[in-house]
Amino acid sequence: MVTNSPSAAKLPTETDGKSGLDRFFEITKRGSSVGAEVRGGLVTFFAMAYIIALNPLIIGTVADVNGNLISGQPADAEGAIVASIAMVAAATALIAGIMTILMGLIGRFPLAIASGLGLNALVAYTLVPQMTWPQAMGLVVWEGIIITILVLTGFRTAVFKAVPPPLRTAISVGIGLFIAFVGLVNAGVVRAGSGTPVQLGISGSLMGWPIAIFLIGMVLLITLHVWKVKGAMLISIIAATVLAVIVEAVAHVGGQVPDGSNPSGWSLNVPALTGGFSLPDLSLLGRVDMIGAFFPNGQFSWMHALGLVVLIFSLLLADFFDTMGTMVAVGSEGGLNDENGMPPRTTEILLVDSLGAVAGGLGSVSSTTSYVESTAGVGEGARTGLASVVTGVAFLLAVFLAPLVNLVPFEAASPVLVFVGFLMISQVADIDWSRPEIGIPVFLTIILMPFSYSITVGIGAGFLSYVFIRLIKGEAKRIHPLMYVVAAMFVIYFVQGAILAAIGA
């Protein structure tokens, strides 16, 4: 006979007392909270919201082979550039919002996605002078399709697993330096020098209200961190932005101008409210020609097609390894990677990122990719995909509230990027510098990311030097076969200019 004794009562389980939201995103399991995820998601958004203003300045202002802007209007038509910039801004925020939310729901990882800097420049300044804007975006879609196939076949994940752990650590450290350098450059603390590659501020001196805002934000952030105040990064961004708005209203600093006549102005966003809610123009969506680029003047040319293949390969390789490096860095910063350095749900993360490239082409905003600024949100406490959902929703709101988003100047958000560099560089202590086959590739990976302003270049230099040193030491058998494949891909990537010149593309 069975009785309802205490011993027969249901034992507590790991999910007891947890909400569906908590179980889905594994918030408690990853040592986080809903509050931390919301704060982290907002910090990531503010750290990368500049793309809403910057992508249009690249994608929206360049004329194609026919002299037309991405809007389809002639570049010299009255008001054409202003209209084109507004269209690209709305589409950029929309695609970023949708794909970042998908990253949160499918990848369940605190990683945000938006149009990639560098990738957009390659499209605007290399592809577009040779073809129309729809044709260039068609090539972006092809790149996204190919990289998605690489994920579905397991190749992209296999390459990730083939990378030696010390190189994965180097990628994280290098990205830390890279993102700190990005912050310093965006804030104008480090600039192109006169007689030197870079210099401190203006003529070697820290001058102007924008730099003062950066310094105040940096001091506040460090103080709050030392005091262990929750939300230190978000508080710093908001406080610096409010102060910047006040300064602009009183001092009328204005923005920097191309002729250099206002070097002490705001570097991109001027913190002045110029509008509020507005209906966006989303007519750029779907304006894609998948075939036309391969048939210039209506005729197919093998040499022309080969040149396009090299350009697509360049987009693919940059997207492939930028994401891998960013994913490792985010997982490492959040303590999410396993004992082999693999983030949770790696395949799902890579799949969403790959589909993001397709979405970027279909949305006419260039290839989208994972943003290293996501480490800022992780530094604030984000550990799950809920943070990405928050970031994505903020991007969707920005489609309608772009003027409010543009209130946050580079100088207010950049202290967070510099501080994240500090948080990430501590991993350098895990490297065994006494072994040249480890120390030299790690060194090249770390220094070339900020020095070349490219995550991909740093990874490529590290991979090639690792394979080379192993070979000259007679340790070919210790090299994973896929590392040879990747090394060959990077050789092509580094000499792509010579290849294009040789084939006349």
Side-chain angles (χ1 to χ4, degrees), residues 47-65 68-71 75 81 84-100 112-144 147 178-179 182 185-186 267-269 284-285 287-289 293 308 311-323 326 353-374 395 398-399 402 410 452-457 493 496:
M48 60 183 288
Y50 65 83
I51 192 62
I52 301 174
L54 193 53
N55 196 44
L57 295 180
I58 298 173
I59 298 294
T61 60
V62 177
D64 63 17
V65 68
N68 295 326
L69 298 172
I70 195 169
S71 62
I81 289 182
S84 178
I85 287 175
M87 292 168 68
V88 175
T92 297
L94 178 66
I95 299 299
I98 292 172
M99 295 313 304
T100 301
I113 297 177
S115 300
L117 290 175
L119 296 175
N120 57 4
L122 178 61
V123 171
Y125 304 128
T126 301
L127 297 184
V128 165
Q130 307 177 44
M131 61 194 73
T132 67
W133 271 107
Q135 290 170 354
M137 291 304 168
L139 294 185
V140 172
V141 174
W142 280 119
E143 179 257 328
I147 205 168
F178 174 78
I179 197 169
V182 168
V185 171
N186 287 351
S267 57
L268 182 61
N269 294 346
L284 289 180
L285 302 183
R287 195 177 293 183
V288 177
D289 181 354
L308 293 181
L311 292 172
I312 292 174
F313 175 79
S314 300
L315 279 170
L316 186 149
L317 201 65
D319 198 0
F320 191 111
F321 287 101
D322 266 15
T323 296
T326 301
D353 177 83
S354 301
L355 292 174
V358 177
L362 293 176
S364 298
V365 295
S366 179
S367 182
T368 65
T369 187
S370 299
Y371 259 60
V372 70
E373 282 84 353
S374 302
F395 268 116
V399 175
F410 267 165
S452 67
Y453 215 71
S454 169
I455 294 173
T456 301
V457 168
Y493 177 78
Q496 60 181 294

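FYI, the numbering just counts along the sequence from 1.
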Looking at residues at least two apart in the chain, or sitting in another chain, which of them share a side chain to side chain donor-acceptor pair (under 3.5 Å) with Ser454?
none
Ile455 side chain reached by Phe321 side chain, heavy atoms, under 4.5 Å
no
Point-to-point distance, once rounded to the nearest 0.5 Å, from CD1 of Ile58 to OG1 of Thr92:
10.0 Å
Going by side-chain contact (heavy atoms from CB on, under 4.5 Å), Met137 matches just one of Val123, Asp289, Leu284. Which one?
Val123
All side chain to side chain contact (heavy atoms under 4.5 Å, CB included) counterparts of Val358, not counting sequence neighbours
Val141, Ile145, Thr148, Leu362
Answer yes or no: is there a donor N or O on one side and an acceptor on the other, between the side chain of Thr368 and the main chain of Gly356, under 3.5 Å?
yes
Kindly say whether Trp133 contributes a backbone atom to a donor-acceptor pair with the side chain of Arg287 at under 3.5 angstrom?
no
Verdict with supporting geometry, Leu308 and Trp142, side chain to side chain contact (heavy atoms under 4.5 Å, CB included)
CA-CA 11 Å; Leu308 293 181; Trp142 280 119; over 6 Å; no
Side chains of Thr132 and Asp64: donor-acceptor distance under 3.5 Å anywhere?
no
Can you list the residues that meet the side chain to side chain donor-acceptor pair (under 3.5 Å) rule with Ser370, with sequence neighbours excluded?
Asp353
Ile98 side chain reached by Phe395 side chain, heavy atoms, under 4.5 Å
no
If I take atom CZ from residue Phe313 and atom CD from residue Gln496, how far apart are they, to the nearest 0.5 angstrom?
8.5 Å
Trace of the side chain to side chain contact (heavy atoms under 4.5 Å, CB included) decision for Thr456 with Phe320
CA-CA 9 Å; Thr456 301; Phe320 191 111; over 6 Å; no
Grab the two heavy atoms, one from Ile85 and one from Pro56, that are nearest each other, plus how far apart they are.
O-CB, 3.4 Å
On a heavy-atom basis, the closest approach of Ala91 and Gly363 is CB-O, 3.7 Å
Closest heavy-atom pair, Glu143 versus Ser367, reported as atoms and distance to 0.1 Å, is OE1-OG, 3.2 Å
N/O donor-acceptor pairs under 3.5 Å from side chains in residues 112-121, not counting sequence neighbours:
residue : atom : partner : partner atom : Å
Ser115  : OG   : Asn55   : ND2          : 3.4
Ser115  : OG   : Val365  : O            : 2.8
Asn120  : OD1  : Gly118  : N            : 3.2
Asn120  : ND2  : Asn55   : OD1          : 2.9

Suppose we screen for side chain to side chain donor-acceptor pair (under 3.5 Å). Which residues come up paired with Ser267, at least two apart in sequence or across chains?
Glu411
Is there a side chain to side chain contact (heavy atoms under 4.5 Å, CB included) between Leu57 and Leu268 once you walk through the steps?
CA-CA 10 Å; Leu57 295 180; Leu268 182 61; 3.6 Å; yes
Heavy-atom closest pair (Ile59 atom, Ser366 atom, distance to 0.1 Å) is CD1-CB, 4.0 Å
Applying side chain to side chain contact (heavy atoms under 4.5 Å, CB included) to Leu285 and Leu94, what does each step give before you reach the verdict?
CA-CA 10 Å; Leu285 302 183; Leu94 178 66; 3.7 Å; yes
Tell me which one of Asp322, Thr326, Asp319 satisfies side chain to side chain donor-acceptor pair (under 3.5 Å) with Thr369.
Asp319
Minimum heavy-atom separation for Met99 and Ala359, please, with both atom names.
SD-CB, 3.8 Å
From Asn269 CG over to Asn186 CG, what is the distance, rounded to the nearest 0.5 angstrom?
10.5 Å
Looking at residues at least two apart in the chain, or sitting in another chain, which of them share a side chain to side chain donor-acceptor pair (under 3.5 Å) with Ser354?
Arg156
Centroid separation Tyr50 to Phe410 less than 6.0 Å:
yes
What heavy-atom pair brings Ser364 and Ile70 nearest, and what distance separates the two atoms?
O-CD1, 3.2 Å
So, does Gln130 use its side chain to make a donor-acceptor pair with the main chain of Leu127 at under 3.5 Å?
no
